[in-house]
Peer 1: 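Below you will find the structure I want to go over with you.
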Amino acid sequence: MKKLPRSFYLRSTPRVAKDLLGKFLVRHIGRQVLIVRIVETEAYGHNDPASHAFWGLTKRNEVMFSEGGHLYVYFTYGMHYCANVVTGRLGKGEAVLLRAVQPIEGIDLMVRNRRGFMHRRNRKTDFLPDLTNGPAKVCKALKIQRRENGIDLLGNEVYLLNAPKLRPSAIATSTRIGIRVGEKTLWRFFIKGNEWVSR
DNA sequence: CGACCGATTGACT
DNA sequence: GTCAATCGGTCGG
């Protein structure tokens with residue numbers, strides 16, 4: 001599989017959010033490689049009151065205004081990081097939040113990165129409930145924090161690999177989670193029936 | 001400066 | 001179901 005090209009990210013944000021489902025996120029940490037499959041996303045547009053970019057450019061959200069295909073990481077609630085894929089052209093200020101992923105490779109390292117995570121593993125399916133079913137859990141498992149803010153996804157540290165597009169019928173749509181404005185917009189997307197999706 | 005609060009999580013009634 | 005943790009970003013004075 002090849003890296004997603006820049007052009008993938010330079011499209012409408014809800015479109016990118018939907019098309020990111022099923023794609024693989026690769027995270028290199030030194031010699032270690034972690035791979036996950038994206039199963040849940042949320043789009044944040046401009047003119048979107050729920051978006052960090054709604055009130056314009058600030059020091060915190062400046063990466064959101066970079067060219068599509070960069071990683072926007074923000075710190076919240078005094079203890080959590082969340083990761084986004086920047087979309088659109090330079091200055092647009094849009095992004096897709098990675099809400100949940102399915103571990104593919106490096107699961108044991110992800111468990112260690114999650115420190116305090118003690119669920120039992122289902123031996124048949126390898127299913128670890130709650131390991132990566134939330135945006136801050138994803139960052140913890142993949143060791144994505146302030147340092148990773150602004151990384152170019154066409155580089156070699158964090159990047160996305162293409163995968164066959166999912167059937168439209170395999171994708172579900174809903175309102176976004178945890179926001180107090182723009183809560184009626186149907187910009188959350190997830191893979192139907194996937195057990196790694198957040199609750 | 002001081003105050004408010006968040007694209008969350010985990011612990012607990 | 002409820003709620004505290006914990007602190008940087010943002011904004012008002």
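Chain identifiers are assigned alphabetically (A, B, ...) following the order of the sequence lines, protein sequences preceding nucleic acid strands; residue numbering begins at 1 within each chain. Side chains included, hydrogens not; waters and symmetry mates left out as well; all remaining heavy atoms used.
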Peer 1: Can you check the A/F75 CZ to B/dA7 C1' distance for me, whole Å?
Peer 2: 15 Å
Peer 1: Quick one: label A/L97 by what it contacts on the DNA or RNA (base, sugar-phosphate, nothing), any heavy atom closer than 4.0 Å.
Peer 2: base
Peer 1: Is a side-chain N or O of A/N194 found less than 3.5 angstrom from the main chain of A/V39, in a donor-acceptor match?
Peer 2: no
Peer 1: Rounded to the nearest angstrom, tell me the gap between atom CZ in A/R199 and atom P in B/dG10.
Peer 2: 10 Å
Peer 1: To the nearest Å, how far apart are A/N133 CG and B/dA7 P?
Peer 2: 19 Å
Peer 1: How long is the span from the NE2 atom in A/H46 to the CZ atom in A/F54, to the nearest 0.5 Å?
Peer 2: 10.5 Å
Peer 1: Taking the minimum atom-to-atom distance to the side chain of A/K137, which one of B/dA7, B/dG6, B/dT9 wins?
Peer 2: B/dT9
Peer 1: May I have the distance from A/I179 (atom CD1) to B/dC5 (atom C1'), rounded to whole angstrom?
Peer 2: 16 Å
Peer 1: If the cut-off is 4.0 Å, is A/R180 near the phosphate of B/dG6, judged by side-chain N/O to OP1 or OP2?
Peer 2: yes
Peer 1: If the C1' atom of B/dC5 is compared with that of C/dC3, how far apart are they to the nearest Å?
Peer 2: 15 Å
Peer 1: Would you say the side chain of A/F190 lies within less than 4.5 Å of the side chain of A/R99, judging by non-hydrogen atoms?
Peer 2: no
Peer 1: Of A/H80 and A/R146, whose nearest nucleotide on DNA chain C comes first from the 5' end?
Peer 2: A/H80
Peer 1: Tell me: CE of A/M64 to P of C/dG9, nearest whole Å?
Peer 2: 16 Å
Peer 1: Can you check the A/Y77 OH to C/dC3 C1' distance for me, whole Å?
Peer 2: 12 Å
Peer 1: Could you give the CZ-to-C1' distance, from A/F189 to B/dA7, as a whole number of Å?
Peer 2: 15 Å
Peer 1: Should C/dT6 form a Watson-Crick or G-U wobble pair with both distances under 3.5 Å, which nucleotide is its partner?
Peer 2: none
Peer 1: Nearest-Å distance, CZ (A/F54) to C1' (B/dG6)?
Peer 2: 17 Å
Peer 1: For B/dG10, does OP1 or OP2 lie under 4.0 Å from any side-chain N or O of A/R114?
Peer 2: yes
Peer 1: Could you check whether the side chain of A/Y74 and the base of B/dA7 have a donor-acceptor pair of N or O atoms closer than 3.5 Å, going by distance alone?
Peer 2: yes
Peer 1: Between B/dA7, B/dT8, C/dG9, which nucleotide gets closest to the side-chain atoms of A/N84?
Peer 2: B/dA7
Peer 1: Look at the side chain of A/R114 and the backbone N and O of A/L131, then say whether any donor-acceptor pair between them is shorter than 3.5 Å.
Peer 2: yes
Peer 1: Write out a two-atom table: protein N or O, nucleotide N or O from nucleotides 10-13 of chain C, distance below 3.5 Å.
Peer 2:
unit_1	atom_1	unit_2	atom_2	d
C/dT10	OP1	A/T58	OG1	2.3
C/dT10	OP2	A/T58	OG1	3.2
C/dT10	OP2	A/R60	N	3.4

Peer 1: Which label fits A/H52 and A/Y72: parallel for a plane angle under 30°, tilted from 30 to 60°, or perpendicular past 60°?
Peer 2: perpendicular
Peer 1: More than 12 foreign heavy atoms under 6.0 Å from CZ of A/R6: is that the case here?
Peer 2: yes
Peer 1: Closest to the A/C82 side chain: C/dA5, B/dT8, C/dG8?
Peer 2: B/dT8
Peer 1: Tell me which one of A/L98, A/V85, A/L34 satisfies side-chain contact (heavy atoms from CB on, under 4.5 Å) with A/L25.
Peer 2: A/L98
Peer 1: For a side-chain hydrogen bond (donor to acceptor under 3.5 Å, both in side chains) check, start with the C-alpha distance between A/H28 and A/E157, then their side-chain angles and the critical distance, and finish with the verdict.
Peer 2: CA-CA 5 Å; A/H28 286 259; A/E157 205 169 352; over 6 Å; no
Peer 1: When we call it a touch if two heavy atoms are under 4.0 Å apart, what does A/A50 touch: a base, just sugar-phosphate, or nothing?
Peer 2: base
